[in-house]
Amino acid sequence: MGGELSNAVNAADTEAQYDEKAKRLLGNKIILAHILVKTVDEFQGMNPEDVVSYIEGEPYIGSVPVEPGLTNAGGKTAVGTLKEGQRIVGLNTENAEINEGLVRFDIIFYVRMRDGISQVIVNLEAQKDEPTSYYILDRAVFYVSRLVSSQKERDFIKTNYNDIKRVFSIWVCMNMNENSMDYVHLTDDKLMGSYQWRGRLDLLNIVLIGISDELPGHDDKYELHRLLGTLLSMDLSAAEKLGIIETEYSIPVDDRIREDVRVMCNLSQGILERGEARGEARGEARGEARGEARIIFSLYKNGYTVEQIAAATDKTEQEIKTILERQEHNQI
């Protein structure tokens with residue numbers, strides 16, 4: 001029992017280190033610039049190298065809490081101490097120790113628009129795969145809503161709602177069946193009359209990026225997917241990763257990027273070897289998951305309820321519902 005517990009702790013620590021390095025790698029400004037060019041309308045068509053200068057300060061990586069009441073707390077901020085009459089321009093990272101264990105944004109940063117005046121707030125989240133215990137879009141809606149509500153008393157005061165900054169929550173989800181990208185935003189459907197209500201429909205923006213296991217070719221359509229797939233791949237060697245980002249994307253490889261890639265590759269090798277030792281290598285695990293999904297779908301088609309299937313498979317009802325929805329989609 002002691003050995004199993006030790007192995008579990010070591011495995012969790014290895015994966016936590018891998019996640020941290022992945023966030024650090026994605027948090028490099030030149031990488032963020034490539035993402036902005038493909039996801040934020042203001043920068044589409046620009047050279048990523050030119051977009052780097054619009055990213056203000058250093059991105060906050062895993063330090064800003066999502067929870068209400070913390071994200072926009074006054075007092076000491078990431079960029080200094082609030083003075084009377086001075087607008088807060090940073091995101092709160094105070095109470096890091098006493099709030100350990102809270103959910104935090106993976107990466108969050110301010111971007112200055114090309115007019116030199118307005119700003120947007122961008123949040124980037126990386127997922128190993130699509131969660132089964134909840135809908136990822138629901139979580140993205142919560143995050144993008146927090147990015148807006150947390151601006152009160154930091155980016156706008158009292159009832160100055162016209163000062164709200166546009167926000168983007170960008171989700172990169174690995175191990176998907178296909179490469180995809182969705183843009184979710186507000187629309188105005190005229191149900192009666194033609195009155196033009198004043199206000200901005202562009203404040204809330206969600207981008208969902210699905211990355212498949214197979215690395216796509218380097219063309220304009222899959223340019224971003226190839227870059228992200230390369231950076232987060234658990235199969236490519238450090239030399240292969242660095243070669244692709246240097247030669248295909250002209251991204252200067254400094255010591256920080258080189259070290260993060262090297263450590264990530266070492267950690268991923270350990271994770272894969274541990275999975276193989278348990279007979280749960282990624283390909284086998286996906287095959288087993290697909291087989292289990294087919295069984296669950298068959299049970300449902302034969303009249304078993306979600307509750308009965310959940311009890312028989314030791315899964316939550318929400319997980320069963322998600323599996324059924326995916327299977328229904330695949331049958332279409």
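Keep in mind it's a predicted model, so treat the numbers as computed, not measured.
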Can you name the nearest heavy-atom pair linking Leu231 to Met264, along with the distance?
O-CE, 3.4 Å

Kindly check if the number of other-residue, nucleotide or ligand heavy atoms within 6.0 Å of OH (Tyr304) is above 12?
no

Donor-acceptor under 3.5 Å (Asn28 side chain, Leu25 main chain):
yes

Answer yes or no: is there a donor N or O on one side and an acceptor on the other, between the side chain of Gln308 and the main chain of Thr305, under 3.5 Å?
yes

Asn123 to Leu147 - nearest heavy-atom pair and separation:
CB-CD1, 3.6 Å

Determine whether more than 12 heavy atoms belonging to other residues, nucleotides or ligands lie under 6.0 Å from atom NZ of Lys190.
yes

Between Lys165 and Asp155, which heavy-atom pair has the shortest distance, and what is it?
CE-OD1, 3.2 Å

Sequence-distant partners of Phe43, ring-ring contact (aromatic ring centres under 6.0 Å, His included), two or more places apart:
Tyr54

Evaluate the side chain to side chain donor-acceptor pair (under 3.5 Å) criterion for residues Tyr143 and Arg139: first the C-alpha distance (whole Å), next the side-chain angles of each, then the deciding distance (0.1 Å), finally the verdict.
CA-CA 6 Å; Tyr143 275 44; Arg139 183 178 175 187; 2.8 Å; yes

Check step by step if side chain to side chain donor-acceptor pair (under 3.5 Å) holds for Gln151 and Tyr161.
CA-CA 10 Å; Gln151 292 181 48; Tyr161 296 110; over 6 Å; no

Note: Asp19-Lys128 ion pair, threshold 4.0 Å (strictly below):
yes

Salt-bridge criterion met for Lys38 and Asp220 (N-O under 4.0 Å)
yes

Under 3.5 Å, side chain of Asp41 to main-chain N/O of Gln44, donor-acceptor pair present?
no

Correct closest heavy-atom pair for Trp171 and Ala140 would be NE1-CB, 3.3 Å

Donor-acceptor contact below 3.5 Å, side chain Arg154 vs main chain Ser150:
yes

Counting only N and O atoms by type, is there a donor-acceptor contact under 3.5 Å from the side chain of Asn160 to the main-chain atoms of Asp163?
no

When you measure from the side chain of Lys241 to the backbone N and O of Ser233, does any donor-acceptor pair fall under 3.5 Å?
yes

Glu49 backbone acceptor or donor facing Asn47 side chain under 3.5 Å
yes

salt_bridge(Glu259, Arg262) N-O dist < 4.0 Å:
yes

Under the side chain to side chain donor-acceptor pair (under 3.5 Å) rule, what pairs show up with a residue in residues 193-211, not counting sequence neighbours?
Arg166-Asp202, Tyr183-Asn205, Arg200-Asp202

When you look at CG of Asp219, are more than 12 heavy atoms from neighbouring residues, nucleotides or ligands closer to it than 6.0 Å?
yes

Is there a donor-acceptor pair closer than 3.5 Å between any side-chain N or O of Asn302 and the backbone N or O of Ser298?
yes

Look only at the side chain of Asp129 and the backbone of Met174, and say whether a donor-acceptor pair between them is shorter than 3.5 Å.
no

Any donor and acceptor pair, going by atom type alone, linking the side chain of Glu248 with main-chain N or O of Ile245 inside 3.5 Å?
no

Considering all heavy atoms, the nearest Cys265-Ala238 contact:
SG-N, 3.4 Å

